[in-house]
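Take a look at the structure below.
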Amino acid sequence: MRDVAIIGAGQAGLQLALGLQASGYGVTLVSDRTPEQLLAGRIMSTQALFHDACTTERQQGLNFWEAACPPIEGIALSVPHPELPGQKALAFSARLDRPAYSVDQRLKFAGWLREFQSRGGHVMLENADIQTAERLSSAHDLTLIAAGKGELGQLFERDVERSPYSAPQRHLALAYLKNVAPRPDHSAVSFNLIPGVGEVFLLPGLTVAENGGTQPYENVLIEAVPGGPLDVFAGVSGPQQHLALMKDLLRQFLPWEYGRVQHAELTDAQATLTGRVTPGVRRPVATLPSGREVLGLGDTLVLNDPLTGQGAGSAAKAAAIYLERILWHGDRPFDRAWMTGTFDEYWSYARFVTDWTNALLGPPPPHVLDVLGAAQTRPGVAHAFVNAFNHPPQFFPWLGDPQEAAQFVAQHSVAQSASA
Ligand SMILES: Cc1cc2nc3c(=O)[nH]c(=O)nc-3n(C[C@H](O)[C@H](O)[C@H](O)COP(=O)(O)OP(=O)(O)OC[C@H]3O[C@@H](n4cnc5c(N)ncnc54)[C@H](O)[C@@H]3O)c2cc1C
(Lines give C-alpha, C1' and ligand atoms only; values in the text may rest on other atoms or scores of the structure.)
Protein backbone atom coordinates (compact mmCIF):
# COMPACT_ATOMS: atom_id res chain seq x y z
CA MET A 1 0.00 0.00 0.00
CA ARG A 2 1.33 3.41 -0.91
CA ASP A 3 0.81 6.62 1.02
CA VAL A 4 -0.29 9.86 -0.58
CA ALA A 5 -0.72 13.28 1.08
CA ILE A 6 -3.07 15.91 -0.35
CA ILE A 7 -3.17 19.50 0.89
CA GLY A 8 -6.53 21.10 0.11
CA ALA A 9 -9.97 19.52 0.49
CA GLY A 10 -11.82 21.09 -2.44
CA GLN A 11 -13.14 19.70 -5.72
CA ALA A 12 -9.82 18.23 -6.88
CA GLY A 13 -8.26 17.25 -3.53
CA LEU A 14 -11.35 15.52 -2.13
CA GLN A 15 -12.20 13.72 -5.35
CA LEU A 16 -8.66 12.38 -5.68
CA ALA A 17 -8.46 11.50 -1.97
CA LEU A 18 -11.71 9.50 -2.15
CA GLY A 19 -10.58 7.75 -5.33
CA LEU A 20 -7.23 6.70 -3.88
CA GLN A 21 -8.87 5.66 -0.63
CA ALA A 22 -11.32 3.43 -2.54
CA SER A 23 -8.33 1.75 -4.22
CA GLY A 24 -6.69 0.92 -0.88
CA TYR A 25 -4.13 3.74 -0.72
CA GLY A 26 -3.23 5.39 2.57
CA VAL A 27 -4.34 9.00 2.17
CA THR A 28 -3.65 11.97 4.45
CA LEU A 29 -5.87 14.92 3.57
CA VAL A 30 -5.25 18.42 4.91
CA SER A 31 -8.38 20.55 5.23
CA ASP A 32 -8.49 24.10 6.53
CA ARG A 33 -12.13 23.66 7.59
CA THR A 34 -14.33 21.06 9.31
CA PRO A 35 -17.55 19.92 7.56
CA GLU A 36 -19.51 22.06 10.04
CA GLN A 37 -17.41 25.13 9.25
CA LEU A 38 -17.84 24.54 5.52
CA LEU A 39 -21.63 24.24 5.83
CA ALA A 40 -21.88 27.41 7.92
CA GLY A 41 -19.37 29.32 5.80
CA ARG A 42 -19.51 31.67 2.86
CA ILE A 43 -20.45 30.58 -0.65
CA MET A 44 -17.46 29.97 -2.93
CA SER A 45 -18.52 29.40 -6.53
CA THR A 46 -21.34 28.85 -9.00
CA GLN A 47 -19.70 25.42 -9.60
CA ALA A 48 -21.69 24.28 -12.67
CA LEU A 49 -20.34 20.88 -13.73
CA PHE A 50 -21.03 19.80 -17.29
CA HIS A 51 -21.68 16.18 -18.22
CA ASP A 52 -18.15 14.82 -18.68
CA ALA A 53 -17.02 16.29 -15.36
CA CYS A 54 -20.13 14.85 -13.66
CA THR A 55 -19.17 11.48 -15.14
CA THR A 56 -15.85 11.51 -13.26
CA GLU A 57 -17.81 11.91 -9.99
CA ARG A 58 -20.36 9.25 -10.98
CA GLN A 59 -17.61 6.76 -11.80
CA GLN A 60 -16.41 7.13 -8.21
CA GLY A 61 -19.96 6.91 -6.81
CA LEU A 62 -19.70 10.46 -5.47
CA ASN A 63 -22.75 12.05 -7.14
CA PHE A 64 -24.66 12.08 -3.84
CA TRP A 65 -26.82 15.12 -4.65
CA GLU A 66 -27.66 14.52 -8.31
CA ALA A 67 -31.21 13.26 -7.73
CA ALA A 68 -32.12 16.33 -5.65
CA CYS A 69 -30.29 18.93 -7.75
CA PRO A 70 -32.27 20.77 -10.44
CA PRO A 71 -30.69 19.89 -13.80
CA ILE A 72 -29.28 22.62 -16.03
CA GLU A 73 -30.80 21.63 -19.35
CA GLY A 74 -29.28 24.15 -21.72
CA ILE A 75 -27.41 27.40 -22.29
CA ALA A 76 -28.99 30.67 -23.42
CA LEU A 77 -26.88 33.55 -24.69
CA SER A 78 -28.20 37.12 -24.83
CA VAL A 79 -26.56 40.40 -25.80
CA PRO A 80 -28.61 43.50 -24.90
CA HIS A 81 -29.18 46.01 -27.66
CA PRO A 82 -26.87 49.02 -27.14
CA GLU A 83 -29.49 51.55 -28.33
CA LEU A 84 -32.89 49.96 -27.70
CA PRO A 85 -33.38 49.52 -23.93
CA GLY A 86 -34.98 46.21 -23.03
CA GLN A 87 -34.28 44.72 -26.47
CA LYS A 88 -31.75 42.05 -27.37
CA ALA A 89 -29.20 42.56 -30.13
CA LEU A 90 -28.46 38.84 -30.20
CA ALA A 91 -30.11 35.84 -28.56
CA PHE A 92 -30.11 32.09 -28.92
CA SER A 93 -30.44 29.04 -26.75
CA ALA A 94 -29.97 25.31 -27.14
CA ARG A 95 -30.29 22.25 -24.99
CA LEU A 96 -27.30 20.40 -23.64
CA ASP A 97 -27.31 16.77 -24.78
CA ARG A 98 -26.99 15.82 -21.12
CA PRO A 99 -27.62 18.14 -18.17
CA ALA A 100 -25.12 20.02 -16.06
CA TYR A 101 -25.44 20.36 -12.28
CA SER A 102 -24.45 22.98 -9.71
CA VAL A 103 -24.17 21.58 -6.18
CA ASP A 104 -23.16 24.25 -3.64
CA GLN A 105 -19.52 23.50 -2.80
CA ARG A 106 -20.29 23.97 0.91
CA LEU A 107 -22.63 20.99 0.65
CA LYS A 108 -20.37 18.92 -1.57
CA PHE A 109 -17.07 19.51 0.24
CA ALA A 110 -18.63 18.95 3.68
CA GLY A 111 -20.35 15.77 2.47
CA TRP A 112 -17.26 14.39 0.76
CA LEU A 113 -15.05 15.23 3.75
CA ARG A 114 -17.43 13.35 6.06
CA GLU A 115 -17.46 10.44 3.62
CA PHE A 116 -13.65 10.33 3.55
CA GLN A 117 -13.54 10.36 7.36
CA SER A 118 -16.27 7.75 7.73
CA ARG A 119 -14.30 5.41 5.45
CA GLY A 120 -11.35 5.73 7.84
CA GLY A 121 -9.47 8.51 6.02
CA HIS A 122 -6.92 10.58 7.94
CA VAL A 123 -7.76 14.30 7.99
CA MET A 124 -5.38 16.93 9.35
CA LEU A 125 -7.21 20.10 10.21
CA GLU A 126 -4.86 23.00 9.56
CA ASN A 127 -3.95 25.88 7.31
CA ALA A 128 -0.93 24.16 5.78
CA ASP A 129 2.34 25.96 5.10
CA ILE A 130 5.71 24.93 3.68
CA GLN A 131 6.63 23.16 6.93
CA THR A 132 3.45 21.09 6.66
CA ALA A 133 4.38 20.20 3.08
CA GLU A 134 7.88 19.24 4.25
CA ARG A 135 6.55 17.01 7.04
CA LEU A 136 4.06 15.31 4.75
CA SER A 137 6.47 14.79 1.87
CA SER A 138 9.02 13.14 4.18
CA ALA A 139 6.40 10.59 5.30
CA HIS A 140 4.50 9.91 2.05
CA ASP A 141 5.32 8.44 -1.36
CA LEU A 142 3.65 11.41 -3.08
CA THR A 143 2.51 14.85 -1.87
CA LEU A 144 0.03 16.94 -3.84
CA ILE A 145 -0.94 20.56 -3.35
CA ALA A 146 -4.59 21.13 -4.28
CA ALA A 147 -5.07 24.39 -2.37
CA GLY A 148 -7.05 26.19 -5.07
CA LYS A 149 -6.40 29.93 -5.05
CA GLY A 150 -4.67 29.63 -1.64
CA GLU A 151 -1.24 31.18 -1.02
CA LEU A 152 0.48 27.81 -0.93
CA GLY A 153 0.13 27.75 -4.71
CA GLN A 154 2.88 30.35 -4.86
CA LEU A 155 5.32 27.50 -4.24
CA PHE A 156 4.85 26.78 -7.94
CA GLU A 157 6.57 29.05 -10.43
CA ARG A 158 4.26 31.05 -12.69
CA ASP A 159 4.44 29.93 -16.30
CA VAL A 160 4.72 33.32 -17.98
CA GLU A 161 4.26 32.03 -21.53
CA ARG A 162 0.94 30.43 -20.62
CA SER A 163 -0.24 33.38 -18.48
CA PRO A 164 -1.09 36.41 -20.62
CA TYR A 165 -2.74 38.35 -17.76
CA SER A 166 -1.01 39.73 -14.68
CA ALA A 167 -4.12 41.32 -13.11
CA PRO A 168 -7.78 40.35 -12.69
CA GLN A 169 -9.81 40.97 -15.85
CA ARG A 170 -13.17 40.96 -14.05
CA HIS A 171 -14.43 41.94 -10.60
CA LEU A 172 -16.91 39.35 -9.38
CA ALA A 173 -20.12 39.59 -7.38
CA LEU A 174 -22.10 36.44 -6.62
CA ALA A 175 -25.32 35.69 -4.76
CA TYR A 176 -27.45 32.59 -4.11
CA LEU A 177 -31.14 33.44 -4.46
CA LYS A 178 -34.46 31.74 -3.80
CA ASN A 179 -37.85 32.68 -5.27
CA VAL A 180 -36.40 33.25 -8.74
CA ALA A 181 -38.88 32.70 -11.58
CA PRO A 182 -37.82 29.88 -13.93
CA ARG A 183 -36.83 30.52 -17.55
CA PRO A 184 -39.38 29.69 -20.21
CA ASP A 185 -38.87 26.42 -22.18
CA HIS A 186 -36.12 24.81 -20.14
CA SER A 187 -33.63 25.53 -17.37
CA ALA A 188 -30.29 26.94 -18.48
CA VAL A 189 -27.14 28.81 -17.76
CA SER A 190 -28.47 32.19 -18.83
CA PHE A 191 -25.35 33.90 -20.17
CA ASN A 192 -25.75 37.67 -20.71
CA LEU A 193 -22.88 39.40 -22.44
CA ILE A 194 -22.78 43.20 -22.27
CA PRO A 195 -19.95 44.31 -24.58
CA GLY A 196 -17.30 46.37 -22.78
CA VAL A 197 -19.26 46.20 -19.51
CA GLY A 198 -19.15 42.56 -18.42
CA GLU A 199 -21.23 39.41 -18.15
CA VAL A 200 -24.11 38.27 -15.96
CA PHE A 201 -24.99 34.61 -15.39
CA LEU A 202 -28.02 32.98 -13.85
CA LEU A 203 -28.13 29.24 -13.30
CA PRO A 204 -30.01 26.88 -11.01
CA GLY A 205 -28.42 24.70 -8.35
CA LEU A 206 -28.82 22.94 -5.02
CA THR A 207 -27.78 24.56 -1.74
CA VAL A 208 -28.05 24.07 2.00
CA ALA A 209 -31.38 24.71 3.74
CA GLU A 210 -31.90 26.14 7.22
CA ASN A 211 -33.30 22.82 8.51
CA GLY A 212 -30.01 21.09 7.59
CA GLY A 213 -31.43 19.63 4.38
CA THR A 214 -31.11 20.98 0.85
CA GLN A 215 -33.07 23.41 -1.33
CA PRO A 216 -33.00 24.50 -4.97
CA TYR A 217 -31.73 28.01 -5.69
CA GLU A 218 -30.47 30.26 -8.47
CA ASN A 219 -26.88 31.50 -8.78
CA VAL A 220 -26.50 35.10 -9.96
CA LEU A 221 -22.94 35.97 -10.92
CA ILE A 222 -21.86 39.40 -12.16
CA GLU A 223 -18.50 39.61 -13.94
CA ALA A 224 -17.71 43.32 -14.12
CA VAL A 225 -15.09 44.85 -16.39
CA PRO A 226 -12.96 46.75 -13.82
CA GLY A 227 -13.99 50.39 -13.52
CA GLY A 228 -17.15 49.84 -15.57
CA PRO A 229 -20.80 50.34 -14.59
CA LEU A 230 -21.17 46.82 -13.10
CA ASP A 231 -18.08 47.27 -10.91
CA VAL A 232 -19.94 48.76 -7.95
CA PHE A 233 -19.66 46.21 -5.14
CA ALA A 234 -16.44 47.44 -3.49
CA GLY A 235 -18.04 49.49 -0.71
CA VAL A 236 -21.08 47.29 -0.09
CA SER A 237 -21.83 47.06 3.63
CA GLY A 238 -23.85 43.86 3.89
CA PRO A 239 -25.74 41.06 2.12
CA GLN A 240 -29.01 42.99 1.73
CA GLN A 241 -27.25 45.93 0.06
CA HIS A 242 -25.42 43.43 -2.20
CA LEU A 243 -28.77 41.93 -3.22
CA ALA A 244 -30.41 45.32 -3.79
CA LEU A 245 -27.49 46.43 -5.96
CA MET A 246 -27.65 43.26 -8.03
CA LYS A 247 -31.38 43.68 -8.64
CA ASP A 248 -30.86 47.30 -9.62
CA LEU A 249 -28.15 46.39 -12.15
CA LEU A 250 -30.36 43.69 -13.67
CA ARG A 251 -33.26 46.15 -13.91
CA GLN A 252 -31.01 48.64 -15.69
CA PHE A 253 -29.09 46.34 -18.05
CA LEU A 254 -31.06 43.09 -18.39
CA PRO A 255 -34.79 43.66 -17.77
CA TRP A 256 -35.63 40.09 -18.86
CA GLU A 257 -33.53 38.81 -15.95
CA TYR A 258 -34.85 41.44 -13.54
CA GLY A 259 -38.34 40.09 -14.19
CA ARG A 260 -37.12 36.75 -12.85
CA VAL A 261 -35.34 38.03 -9.72
CA GLN A 262 -37.43 41.00 -8.59
CA HIS A 263 -39.05 39.06 -5.71
CA ALA A 264 -35.97 36.97 -4.90
CA GLU A 265 -34.28 36.72 -1.49
CA LEU A 266 -30.89 35.43 -0.38
CA THR A 267 -30.85 31.74 0.54
CA ASP A 268 -28.90 32.38 3.77
CA ALA A 269 -26.74 34.89 5.62
CA GLN A 270 -23.55 33.71 3.87
CA ALA A 271 -25.01 33.73 0.35
CA THR A 272 -23.03 36.63 -1.10
CA LEU A 273 -19.44 36.86 -2.31
CA THR A 274 -17.22 39.41 -4.00
CA GLY A 275 -13.78 38.72 -5.38
CA ARG A 276 -11.43 38.70 -8.32
CA VAL A 277 -9.16 36.17 -9.94
CA THR A 278 -5.85 36.76 -11.71
CA PRO A 279 -5.85 34.00 -14.33
CA GLY A 280 -2.60 32.11 -14.69
CA VAL A 281 -0.82 28.83 -15.17
CA ARG A 282 1.96 27.53 -12.94
CA ARG A 283 4.69 24.95 -13.47
CA PRO A 284 3.53 21.59 -12.12
CA VAL A 285 6.39 20.64 -9.79
CA ALA A 286 7.72 22.65 -6.82
CA THR A 287 10.92 21.85 -4.97
CA LEU A 288 10.72 22.28 -1.19
CA PRO A 289 13.72 23.64 0.78
CA SER A 290 14.63 20.02 1.64
CA GLY A 291 14.92 19.23 -2.08
CA ARG A 292 11.82 17.00 -2.08
CA GLU A 293 9.34 17.63 -4.85
CA VAL A 294 5.57 18.14 -4.69
CA LEU A 295 3.00 18.12 -7.49
CA GLY A 296 0.21 20.69 -7.93
CA LEU A 297 -3.40 19.92 -8.89
CA GLY A 298 -6.50 21.88 -9.95
CA ASP A 299 -6.70 25.68 -9.59
CA THR A 300 -3.29 25.66 -7.90
CA LEU A 301 -1.77 25.09 -11.36
CA VAL A 302 -4.40 26.23 -13.86
CA LEU A 303 -6.52 29.13 -12.67
CA ASN A 304 -8.98 30.65 -15.12
CA ASP A 305 -11.51 33.43 -14.71
CA PRO A 306 -14.91 31.88 -13.84
CA LEU A 307 -16.36 33.45 -17.03
CA THR A 308 -16.70 30.13 -18.86
CA GLY A 309 -17.73 28.09 -15.80
CA GLN A 310 -14.98 25.53 -16.17
CA GLY A 311 -12.74 25.58 -13.05
CA ALA A 312 -14.53 22.95 -10.97
CA GLY A 313 -15.19 20.75 -13.99
CA SER A 314 -11.54 20.99 -14.96
CA ALA A 315 -10.49 20.20 -11.38
CA ALA A 316 -12.72 17.10 -11.50
CA LYS A 317 -11.17 16.02 -14.81
CA ALA A 318 -7.66 16.65 -13.43
CA ALA A 319 -8.44 14.55 -10.35
CA ALA A 320 -9.62 11.70 -12.61
CA ILE A 321 -6.45 11.84 -14.74
CA TYR A 322 -4.17 11.98 -11.69
CA LEU A 323 -6.04 9.07 -10.07
CA GLU A 324 -5.65 6.87 -13.12
CA ARG A 325 -1.96 7.71 -13.48
CA ILE A 326 -1.20 7.11 -9.79
CA LEU A 327 -2.92 3.70 -9.86
CA TRP A 328 -1.28 2.74 -13.15
CA HIS A 329 2.17 3.74 -11.84
CA GLY A 330 2.10 0.94 -9.25
CA ASP A 331 5.19 0.73 -7.05
CA ARG A 332 7.46 2.90 -9.17
CA PRO A 333 8.76 6.18 -7.70
CA PHE A 334 6.73 9.34 -8.20
CA ASP A 335 9.67 11.24 -9.64
CA ARG A 336 9.80 14.56 -11.47
CA ALA A 337 9.35 12.93 -14.88
CA TRP A 338 6.18 11.18 -13.72
CA MET A 339 4.84 14.38 -12.14
CA THR A 340 5.50 16.43 -15.27
CA GLY A 341 3.98 13.76 -17.50
CA THR A 342 0.87 13.64 -15.30
CA PHE A 343 0.33 17.38 -15.55
CA ASP A 344 1.11 17.35 -19.28
CA GLU A 345 -1.68 14.83 -19.85
CA TYR A 346 -4.09 17.14 -18.04
CA TRP A 347 -2.72 20.23 -19.83
CA SER A 348 -3.33 18.62 -23.24
CA TYR A 349 -7.03 19.14 -22.34
CA ALA A 350 -6.83 22.18 -20.04
CA ARG A 351 -4.94 24.36 -22.51
CA PHE A 352 -8.11 24.60 -24.59
CA VAL A 353 -10.10 25.70 -21.54
CA THR A 354 -7.46 28.34 -20.76
CA ASP A 355 -7.20 29.60 -24.35
CA TRP A 356 -10.99 29.79 -24.74
CA THR A 357 -11.53 31.53 -21.38
CA ASN A 358 -8.72 34.03 -21.98
CA ALA A 359 -10.11 34.75 -25.46
CA LEU A 360 -13.56 35.47 -24.03
CA LEU A 361 -12.08 38.02 -21.61
CA GLY A 362 -11.24 40.25 -24.58
CA PRO A 363 -13.57 41.67 -27.26
CA PRO A 364 -14.80 38.97 -29.67
CA PRO A 365 -13.26 39.10 -33.18
CA PRO A 366 -15.63 39.39 -36.20
CA HIS A 367 -15.53 35.67 -37.06
CA VAL A 368 -16.69 34.77 -33.53
CA LEU A 369 -19.53 37.29 -33.82
CA ASP A 370 -20.42 35.63 -37.16
CA VAL A 371 -20.73 32.25 -35.43
CA LEU A 372 -22.90 33.73 -32.65
CA GLY A 373 -25.04 35.49 -35.27
CA ALA A 374 -25.45 32.24 -37.22
CA ALA A 375 -26.47 30.42 -34.03
CA GLN A 376 -29.60 32.60 -33.88
CA THR A 377 -31.09 31.12 -37.02
CA ARG A 378 -29.30 27.77 -37.29
CA PRO A 379 -30.12 25.38 -34.47
CA GLY A 380 -27.25 23.08 -35.40
CA VAL A 381 -24.75 25.88 -34.82
CA ALA A 382 -26.43 26.84 -31.52
CA HIS A 383 -26.39 23.18 -30.45
CA ALA A 384 -22.70 22.69 -31.32
CA PHE A 385 -21.71 25.95 -29.58
CA VAL A 386 -23.66 25.17 -26.41
CA ASN A 387 -22.48 21.57 -26.16
CA ALA A 388 -18.83 22.58 -26.51
CA PHE A 389 -19.09 23.88 -22.92
CA ASN A 390 -18.98 20.21 -21.95
CA HIS A 391 -15.73 19.68 -23.87
CA PRO A 392 -14.02 23.01 -24.68
CA PRO A 393 -11.50 21.55 -27.20
CA GLN A 394 -14.57 21.60 -29.49
CA PHE A 395 -14.28 25.40 -29.66
CA PHE A 396 -11.12 24.84 -31.67
CA PRO A 397 -9.81 25.40 -34.23
CA TRP A 398 -12.64 27.74 -35.27
CA LEU A 399 -12.34 30.13 -32.31
CA GLY A 400 -8.97 31.38 -33.56
CA ASP A 401 -9.40 31.07 -37.32
CA PRO A 402 -11.95 32.87 -39.57
CA GLN A 403 -11.87 30.17 -42.26
CA GLU A 404 -12.44 27.41 -39.74
CA ALA A 405 -15.26 29.48 -38.22
CA ALA A 406 -17.02 29.69 -41.59
CA GLN A 407 -16.56 25.95 -42.01
CA PHE A 408 -17.95 25.34 -38.50
CA VAL A 409 -21.09 27.28 -39.41
CA ALA A 410 -21.48 25.45 -42.73
CA GLN A 411 -20.94 22.07 -41.10
CA HIS A 412 -23.57 22.63 -38.40
CA SER A 413 -26.16 24.53 -40.43
CA VAL A 414 -29.69 23.24 -40.71
CA ALA A 415 -32.56 25.19 -42.20
CA GLN A 416 -34.71 26.04 -39.15
CA SER A 417 -34.61 28.90 -36.71
CA ALA A 418 -33.13 28.40 -33.26
CA SER A 419 -35.27 29.30 -30.26
CA ALA A 420 -34.30 32.64 -28.74
C1 LIG B 1 -17.45 33.25 -8.47
C2 LIG B 1 -16.98 31.93 -9.00
C3 LIG B 1 -17.80 31.20 -9.84
C4 LIG B 1 -17.37 29.97 -10.37
N5 LIG B 1 -18.19 29.25 -11.17
C6 LIG B 1 -17.79 28.06 -11.66
C7 LIG B 1 -18.68 27.26 -12.46
O8 LIG B 1 -19.84 27.62 -12.72
N9 LIG B 1 -18.22 26.08 -12.92
C10 LIG B 1 -16.96 25.65 -12.64
O11 LIG B 1 -16.60 24.54 -13.12
N12 LIG B 1 -16.11 26.36 -11.89
C13 LIG B 1 -16.50 27.55 -11.37
N14 LIG B 1 -15.66 28.26 -10.58
C15 LIG B 1 -14.31 27.75 -10.30
C16 LIG B 1 -14.31 26.59 -9.30
O17 LIG B 1 -15.01 26.92 -8.12
C18 LIG B 1 -12.86 26.24 -8.97
O19 LIG B 1 -12.12 26.22 -10.16
C20 LIG B 1 -12.74 24.86 -8.32
O21 LIG B 1 -13.38 24.84 -7.05
C22 LIG B 1 -11.26 24.50 -8.18
O23 LIG B 1 -11.10 23.29 -7.49
P24 LIG B 1 -9.77 23.06 -6.65
O25 LIG B 1 -9.94 21.76 -5.96
O26 LIG B 1 -8.58 23.28 -7.48
O27 LIG B 1 -9.78 24.23 -5.57
P28 LIG B 1 -10.88 24.53 -4.47
O29 LIG B 1 -12.17 23.87 -4.79
O30 LIG B 1 -10.85 25.99 -4.27
O31 LIG B 1 -10.32 23.78 -3.17
C32 LIG B 1 -9.14 24.18 -2.53
C33 LIG B 1 -9.31 23.95 -1.05
O34 LIG B 1 -8.06 24.09 -0.39
C35 LIG B 1 -8.23 24.88 0.77
N36 LIG B 1 -6.94 25.47 1.11
C37 LIG B 1 -6.34 26.55 0.56
N38 LIG B 1 -5.16 26.77 1.14
C39 LIG B 1 -5.02 25.81 2.07
C40 LIG B 1 -4.00 25.52 3.02
N41 LIG B 1 -2.89 26.28 3.10
N42 LIG B 1 -4.17 24.46 3.85
C43 LIG B 1 -5.28 23.70 3.78
N44 LIG B 1 -6.27 23.93 2.92
C45 LIG B 1 -6.14 24.98 2.07
C46 LIG B 1 -9.30 25.87 0.36
O47 LIG B 1 -9.91 26.45 1.48
C48 LIG B 1 -10.24 24.96 -0.41
O49 LIG B 1 -11.15 24.31 0.46
C50 LIG B 1 -16.06 29.49 -10.04
C51 LIG B 1 -15.23 30.23 -9.20
C52 LIG B 1 -15.68 31.44 -8.68
C53 LIG B 1 -14.76 32.23 -7.76
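Order of appearance sets the numbers: ligands from 1, and atoms from 1 within every ligand.
- From the protein, the heavy atom lying nearest to atom 35 (C) of ligand 1 is Asp32 OD2, 3.6 Å.
- Counting atoms of ligand 1 from 1 in the listed order, those under 4.0 Å from a heavy atom of Ala12 are 25 (O).
- For the ligand labelled ligand 1, residue Phe109 lies inside the 4.0 Å heavy-atom shell.
- For the pair Leu297 and ligand 1, the shortest N or O to N or O distance does not fall below 3.5 Å.
- Close N/O approach between Lys149 and ligand 1 is not found [any backbone or side-chain N/O within under 3.5 Å].
- When side chains are defined from C-beta on, Leu202 does not count as touching Leu177, because their heavy atoms never get closer than 4.5 Å.
- Only the backbone of Ala146 comes within 4.0 Å of ligand 1, counting heavy atoms alone; no side-chain atom from C-beta on gets that close.
- Looking only at side-chain heavy atoms (C-beta outward), Trp338 and Pro333 stay at 4.5 Å or farther from each other.
- Of the options Gln47, Lys108, Gln105, the smallest heavy-atom separation from atom 21 (O) of ligand 1 is shown by Gln105.
- Side-chain atoms of His51 and Leu96, non-hydrogen and from C-beta on, never get closer than 4.5 Å to each other.
- Note: Trp347 and Phe343 have parallel aromatic rings, judged against thresholds of 30 and 60 degrees for the angle between ring planes.
- Using a 4.0 Å cut-off to heavy atoms of Gly298, the atoms of ligand 1 that qualify are 26 (O).
- For the pair Met44 and ligand 1, a heavy-atom separation below 4.0 Å is found.
- Side-chain contact check for Gln15 and Thr56: at least one donor-acceptor pair (N or O, by modelled atom type) lies under 3.5 Å.
- Atom OG of residue Ser190 and atom CD of residue Glu257 lie 3.5 Å apart, to the nearest 0.5 angstrom.
- Remark: minimum distance from atom 42 (N) of ligand 1 to any protein heavy atom is reached at Ala128 N, 2.9 Å.
- Heavy-atom proximity to Glu126, at under 4.0 Å, picks out these atoms of ligand 1: 42 (N), 43 (C).
- Annotation: side chain of Met246 is in contact with side chain of Phe233 (closest heavy-atom distance under 4.5 Å).
- The contact set between ligand 1 and Arg33, taken as ligand atoms under 4.0 Å from a residue heavy atom, comprises 46 (C), 47 (O), 48 (C), 49 (O).
- For His383 and Asp97, the side-chain atoms include at least one donor-acceptor pair closer than 3.5 Å.
- In this structure, Arg106 contributes its side chain and Arg42 its backbone to no donor-acceptor pair below 3.5 Å.
- Looking only at protein heavy atoms, the nearest one to atom 31 (O) of ligand 1 is Gly10 CA, 3.2 Å.
- In this structure, the protein non-hydrogen atom closest to atom 26 (O) of ligand 1 is Asp299 N, 2.8 Å.
- For ligand 1 and Gly148, the ligand atoms under 4.0 Å from any heavy atom of the residue are 27 (O), 30 (O), 32 (C).
- In this structure a side-chain-to-backbone donor-acceptor pair under 3.5 Å is present from Ser187 to Glu73.
- The protein heavy-atom contact nearest to atom 34 (O) of ligand 1 is Gly8 CA, 3.4 Å.
- At least one N or O atom of Gly311, backbone or side chain, sits closer than 3.5 Å to an N or O atom of ligand 1.
- When only non-hydrogen protein atoms are considered, atom 37 (C) of ligand 1 lies nearest to Ala147 O, 3.2 Å.
- Within the 4.0 Å heavy-atom cutoff, Gly275 does not count among the residues contacting ligand 1.
- Side-chain atoms of Thr354 do not come within 3.5 Å of backbone N or O of Arg351 as any donor-acceptor pair.
- Side-chain atoms of Asn390 and Asp52 form a donor-acceptor pair, as typed in the model, at a separation below 3.5 Å.
- Nearest-residue assignment for atom 9 (N) of ligand 1 (options Ala48, Ala100, Ala173, Ala53; heavy-atom criterion): Ala48.
- Below 4.0 Å from some heavy atom of Gly313 lie the following atoms of ligand 1, by number and element: 11 (O).
- Of the possible polar contacts, none joining the Gln117 side chain to the Val123 backbone as a donor-acceptor pair under 3.5 Å is found.
- Of the protein's heavy atoms, Ser45 OG, 3.2 Å lies nearest to atom 4 (C) of ligand 1.
- At the top of the distance list for atom 12 (N) of ligand 1, counting protein heavy atoms only, stands Ala312 N, 2.9 Å.
- For Phe253 and Tyr258, the ring centers sit 6.0 Å or farther from each other.
- For the residue pair Arg282/Ser163, the side-chain donor-acceptor check at 3.5 Å is not satisfied.
- Polar contact with ligand 1: absent for Ala315 (N/O pair, distance under 3.5 Å).
- Listed by atom number, the atoms of ligand 1 under 4.0 Å from Gln11 heavy atoms are 23 (O), 25 (O), 29 (O).
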